[in-house]
Amino acid sequence: MGILDNCTPAQAEAITHADGPLLVVAGAGSGKTRVITRRVACLVERGVPPYRILAITFTNKAAGEMQERVHQLVQKGGVWVSTFHSMCARMLRQFADAIGRRRNFTIYDAADSLSAVKASMKDLEIDTEHWTPSAVQAAISNAKNELIAPDDYESRAASYFERVAAKVYRRYQERLAQNQALDFDDLLLHAARLLSQETAFRDYWQNRFSHVLIDEYQDTNHAQYVIAKELAARHRNICATGDPDQSIYGWRGADIRNILQFVGEYPDAKVVRLEENFRSTKPIIQAAESVIANNTERLDRALYTSREGGSPLRMFAAPDEEAEAEAIVGQIRKLAAQGRRYGDIAIFYRTNFQSRTFEHIFQLLALPYAIVGTVEFYNRREIKDILAYLRVLVNDADDVSMSRIINVPPRGIGEQTVAALSRWAAGQRVPLIEAIRRSPEIPDLAGRAGKAVDKLRSLLDALAQVRGPVAKIIDQAIKRSGYIDWHKASRDESSEERAENLGELVTAAARYDERTPDGTLEAYLEEVALVSQIDEYQDGDNRVTLMTVHAAKGLEFPVVFITGLEEGLFPHQNAMESPSGVEEERRLFYVAITRAKDELFISHAGARMRFGLITPAMPSRFVEEIPPDVIEHLPLFGQAPPPAGREDERPPVLRKPRREEAPEAEEPAPPEKGIEAGQKVRHPTFGLGEVVELTGAGSRRTALVRFKGIGIKRLLLEYAKLEKV
DNA sequence: AAAACATACATTTTT
DNA sequence: TGTATGTTTT
């Protein structure tokens with residue numbers, strides 16, 4: 001096996017051969033992932049049985065990549081590479097009794113959890129106007145991350161809000177137990193508790209692993225810290241890697257002290273510092289270093305690069321967010337003309353809502369793009385509906401899922417019927433599905449309602465009989481429930497898209513079946529519950545990637561645009577009140593900068609539409625923290641006098657059509673293009689398609705085109721090079 | 001049960 | 001401003 005080329009021989013020796021506690025403090029772009037992967041491979045090579053090695057990564061995507069890479073290096077599988085959440089789920093299923101659950105427990109996502117919080121508040125008749133469910137949910141989540149149980153929380157509650165939250169917390173946990181469910185935080189909470197308090201559980205897992213490695217250690221919260229510490233307690237072969245300057249999850253309980261105090265915790269720890277950056281050019285590193293130097297809470301560390309040359313950072317100042325997006329897209333086309341691949345380019349923003357402006361313009365120009373993690377696939381309504389059927393099949397105590405599908409698609413089980421069923425179930429202290437099974441015994445169910453419930457019962461029975469791969473079960477659920485016909489019948493605009501999504505769900509499940517030949521419905525649902533936004537991102541598609549800075553962690557791109565650098569947005573308003581909040585925002589900016597390999601563009605808008613109001617904004621304080629000699633200010637876009645002529649003839653006419661200009665549909669279609677509805681066309685990116693509709697006139701002439709396998713796109717004729725076929 | 005209409009709320013960041 | 005959810009109407 002080759003030598004590590006991104007560190008000194010002594011460091012390489014420590015990384016590959018040292019046992020005992022090891023801390024790798026790795027700066028951005030220093031090849032940390034390679035280091036930890038190599039360590040795992042070397043352990044295997046030294047004869048450590050692969051199944052005794054546990055590597056914990058931050059996302060499932062990273063886990064998959066590491067697993068594959070280790071396999072390539074040593075031609076051996078069996079190393080357990082996982083995220084904290086997936087790992088805990090697996091551990092808890094094996095010891096479900098210890099937490100008072102059946103092993104087929106359901107994992108609730110944030111939305112499921114929120115509805116359980118709402119229901120708990122309703123149970124307790126707590127006013128949801130005054131105390132918002134999401135605030136209570138956040139309080140509960142924080143308590144769990146600190147491993148605080150409801151009783152402890154109540155006894156230390158200092159404010160009225162906390163006393164209310166404590167009551168909801170207790171009721172919420174009861175509800176989860178009734179539904180045989182755990183939320184994300186429970187996975188960590190229970191694993192941490194069992195590891196520190198339950199001998200059988202602790203002994204089993206401590207013996208199971210001889211070596212434990214944790215990546216992105218700076219972003220571990222208290223529960224994760226306890227889990228890592230306990231898992232490694234027996235053999236003390238704990239290797240933590242991370243970068244305190246890249247700690248960006250403080251708001252969800254990540255505690256930067258976990259990494260800062262690692263050596264205090266393990267005085268015999270070896271420390272390896274990787275300070276050479278192999279990713280970025282000098283100006284980019286200079287900017288990053290100069291910005292992060294303004295933080296106080298950090299380990300003493302410098303980052304340097306040997307890469308010579310490199311262009312300076314470039315900055316746009318735009319009047320508003322649309323002009324900002326136009327300028328960036330203009331710059332991207334310039335780069336593309338110079339031979340840059342779209343897949344080399346990424347656009348980052350602080351908040352998800354900023355993606356809309358970009359999405360609009362990319363669609364208009366038919367430039368290839370991919371947004372990472374907007375409305376996640378598995379959060380779409382139709383997907384959640386079908387998954388709810390599966391969840392009920394796996395865990396029939398799951399009332400949240402049962403209520404979700406009880407009348408979806410509509411089958412005549414109205415509000416009154418649901419209320420009667422729920423009342424009966426509550427009275428008997430049994431799950432809702434039991435009321436459906438035994439509906440003939442329920443007095444309130446008159447003939448018509450009773451029949452409707454009978455039909456639901458036979459549907460559920462029929463689905464429970466289906467055997468075979470997950471894809472088949474999903475397919476049956478979609479068809480037999482009548483879900484697909486229901487959508488076909490409604491001429492809703494979104495029905496076609498929903499049908500496509502359901503098709504995609506079956507396809508994805510088929511991939512799962514292929515990948516996991518011994519997979520179960522239960523394991524599939526678990527995987528689906530724990531996918532992260534970034535897991536869905538695939539590079540190699542040659543598209544411009546759009547994402548939040550948080551999602552960009554761990555990635556790199558030759559060209560990066562960091563947008564919306566305005567006071568109140570980046571740094572975000574809610575973080576600006578405390579110095580530590582600003583420091584975390586600054587680390588976030590540092591992460592963004594250090595994603596760039598070759599070229600970095602930053603931009604801000606003088607005003608931005610927020611809540612429907614045009615809100616002015618000052619440039620971010622972070623911009624001034626970049627040394628002036630590594631920044632070049634590009635001319636303000638659109639400031640050059642427009643070429644003579646009417647406004648809509650000015651080169652990139654990218655403004656979205658305003659509402660008041662709507663009557664454009666009535667204008668006669670100019671015949672000169674010769675493109676009309678029904679015309680078959682070819683597009684350089686999307687391929688063959690058929691024109692569905694034409695609207696607008698002149699430079700705003702727009703075609704709706706249906707492309708095979710891609711869907712309907714809205715294209716400006718002036719820019720989309722449509723070729724008649 | 002669908003459609004039409006009205007209102008509320010959002011914008012941190014996510015496993 | 002746009003979407004998501006709730007309410008009233010057919």
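Lettering follows sequence order; numbering is per chain, from 1. It should be emphasised that the depicted structure is a prediction, and the values quoted were computed from it without experimental measurement.
Annotation: side-chain contact (heavy atoms from CB on, under 4.5 Å) contacts of A149(A) (sequence neighbours excluded): D152(A). Evaluation of the side-chain contact (heavy atoms from CB on, under 4.5 Å) rule for A370(A) yields R543(A) as partners, not counting sequence neighbours. Partners of F358(A) according to the ring pair (Phe, Tyr, Trp, His ring centres under 6.0 Å) rule, which considers only residues two or more places apart in sequence or in another chain, do not exist here. Listed by chain and residue number, nothing satisfies the side chain to side chain donor-acceptor pair (under 3.5 Å) test with R610(A) (two or more places apart in sequence, or in another chain).
Comparing atom distances between the R610(A) side chain and each of dT1(C), dT11(B), dT14(B) picks out dT11(B) as nearest. Checking dA1(B), dT1(C), dT15(B) against every side-chain atom of M609(A), the shortest atom distance belongs to dT1(C). Comparing dG2(C), dT14(B), dT15(B) by their nearest atom to the side chain of W251(A) picks out dT14(B). Looking at the side chain of F611(A), the nearest of the listed nucleotides dT13(B), dT1(C), dT11(B) is dT11(B).
Between L188(A) and I413(A), the residue whose closest nucleotide on DNA chain B is further toward the 5' end is I413(A).
Evaluated for a side-chain contact (heavy atoms from CB on, under 4.5 Å) with R586(A), the options D245(A), V291(A), V591(A) yield exactly one hit, V291(A).
Taking atom CG of residue L187(A) and atom C1' of nucleotide dT15(B), one finds them 9 Å apart after rounding to whole Å. Atom pair F353(A):CZ and dT11(B):C1' shows a separation of 5 Å (rounding to whole Å applied). dT15(B) atom C1' lies 4 Å from atom NE2 of H85(A), rounded to whole Å. Going from atom CZ of R587(A) over to atom C1' of dT13(B) covers 13 Å, rounded to whole Å. At whole-Å resolution of the value, CG in N574(A) and P in dA10(B) are 12 Å apart. With rounding to whole Å, Q224(A) atom CD is found 12 Å from dT14(B) atom C1'. One atom, CD of E322(A), and another, C1' of dT1(C), lie 11 Å apart when rounded to the nearest Å. One atom, CZ of R608(A), and another, C1' of dG2(C), lie 16 Å apart when rounded to the nearest Å.
Taking side-chain N and O atoms only, N145(A) has no distance below 4.0 Å to OP1 or OP2 of dT15(B). Contact annotation: T548(A) side-chain N/O to dT14(B) OP1/OP2 distance is under 4.0 Å. Dashed line: the shortest gap from a side-chain N or O of N60(A) to OP1 or OP2 of dT15(B) is not under 4.0 Å.
Stacking here means ring centres nearer than 5.5 Å and ring planes tilted less than 30 degrees, and by that measure F184(A) does not stack onto dT15(B). Stacking annotation: Y249(A) is not stacked on the base of dT13(B) (requires ring centroids less than 5.5 angstrom apart and an interplanar angle below 30 degrees).
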query = Dot-bracket for DNA chain B: what is it, with Watson-Crick or G-U pairs under 3.5 Å, [ ] where a pair crosses earlier ones, and | for a pair to another strand?
reply = ||||||||||.....
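Between F589(A) and F622(A), the angle of the ring planes stays under 30°, which puts this pair in the parallel group of the 30/60° scheme.
For residues 611-622 of chain A, the pairs satisfying side chain to side chain donor-acceptor pair (under 3.5 Å) are E567(A)-R621(A), with sequence neighbours left out.
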